[in-house]
Amino acid sequence: MKTMSLKVPDALDAQIRELARRTGRSKSLVVRMAISDFLPKAGLGSRRSFLSKALDLAGSITAVPDLSVNKRRLAGYGR
């Protein structure tokens, strides 16, 4: 994850701080969520490929290593 610093007006900082306090989230997470919500509305979110959108999911699920090739595990799949 990249680090970014930015300047915000005092009033905006107070709003971010209050929302973070009320939701039990960090200020950084509140800002990331706001930016993530804004970008698709600005027409920038749809230009990413599916791979780049799902990249953070790679390796996030722990499963048996032979799930896709073991015939016993595939029994009944697709029915």
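Just so it is clear, the structure is predicted and the values come from calculations on it, not from any experiment.
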Checklist outcome for this item: Applying salt bridge (charged side-chain N to carboxylate O under 4.0 Å, His left out) to R25 and not counting sequence neighbours gives none
Item to check | By salt bridge (charged side-chain N to carboxylate O under 4.0 Å, His left out) - contacts of R22 (at least two apart) | outcome: E18
Next on the checklist: According to a hydrophobic-cluster definition based on side-chain heavy atoms being under 4.5 Å apart (Ile, Leu, Val, Met, Phe, Trp, Tyr only), do M4 and L39 belong together?
Outcome noted: no
Checklist entry - Linking I/L/V/M/F/W/Y whenever their side-chain heavy atoms sit closer than 4.5 Å, directly or via other members, would V69 and Y77 fall into one cluster? => result no
Next on the checklist: Just to verify, what does L6 make a side-chain contact (heavy atoms from CB on, under 4.5 Å) with, not counting sequence neighbours?
Outcome noted: V8
Checklist entry - What pairs with A20 under side-chain contact (heavy atoms from CB on, under 4.5 Å), at least two apart in sequence or on another chain? => result K27, V30
Next on the checklist: A quick test of your reading: do over 12 heavy atoms of other residues, nucleotides or ligands sit less than 6.0 Å from CG of D10?
Outcome noted: no
Checklist outcome for this item: The remaining residues in the hydrophobic cluster of M33, counting side-chain heavy-atom contacts under 4.5 Å among Ile, Leu, Val, Met, Phe, Trp and Tyr, are L29
Checklist entry - Taking only residues at least two apart or on different chains, which pairs with a member in residues 68-79 satisfy salt bridge (Lys or Arg N to Asp or Glu O under 4.0 Å)? => result D66-R73
Checklist entry - Atom NZ of K7 and atom CG of D13: how far apart are they, to the nearest 0.5 Å? => result 14.0 Å
Checklist entry - Can you tell me how far OG of S26 sits from CD1 of I16, rounded to the nearest 0.5 angstrom? => result 11.0 Å
Checklist entry - What pairs meet the side-chain hydrogen bond (donor to acceptor under 3.5 Å, both in side chains) rule with one or both residues in residues 30-39, with sequence neighbours excluded? => result D37-K41
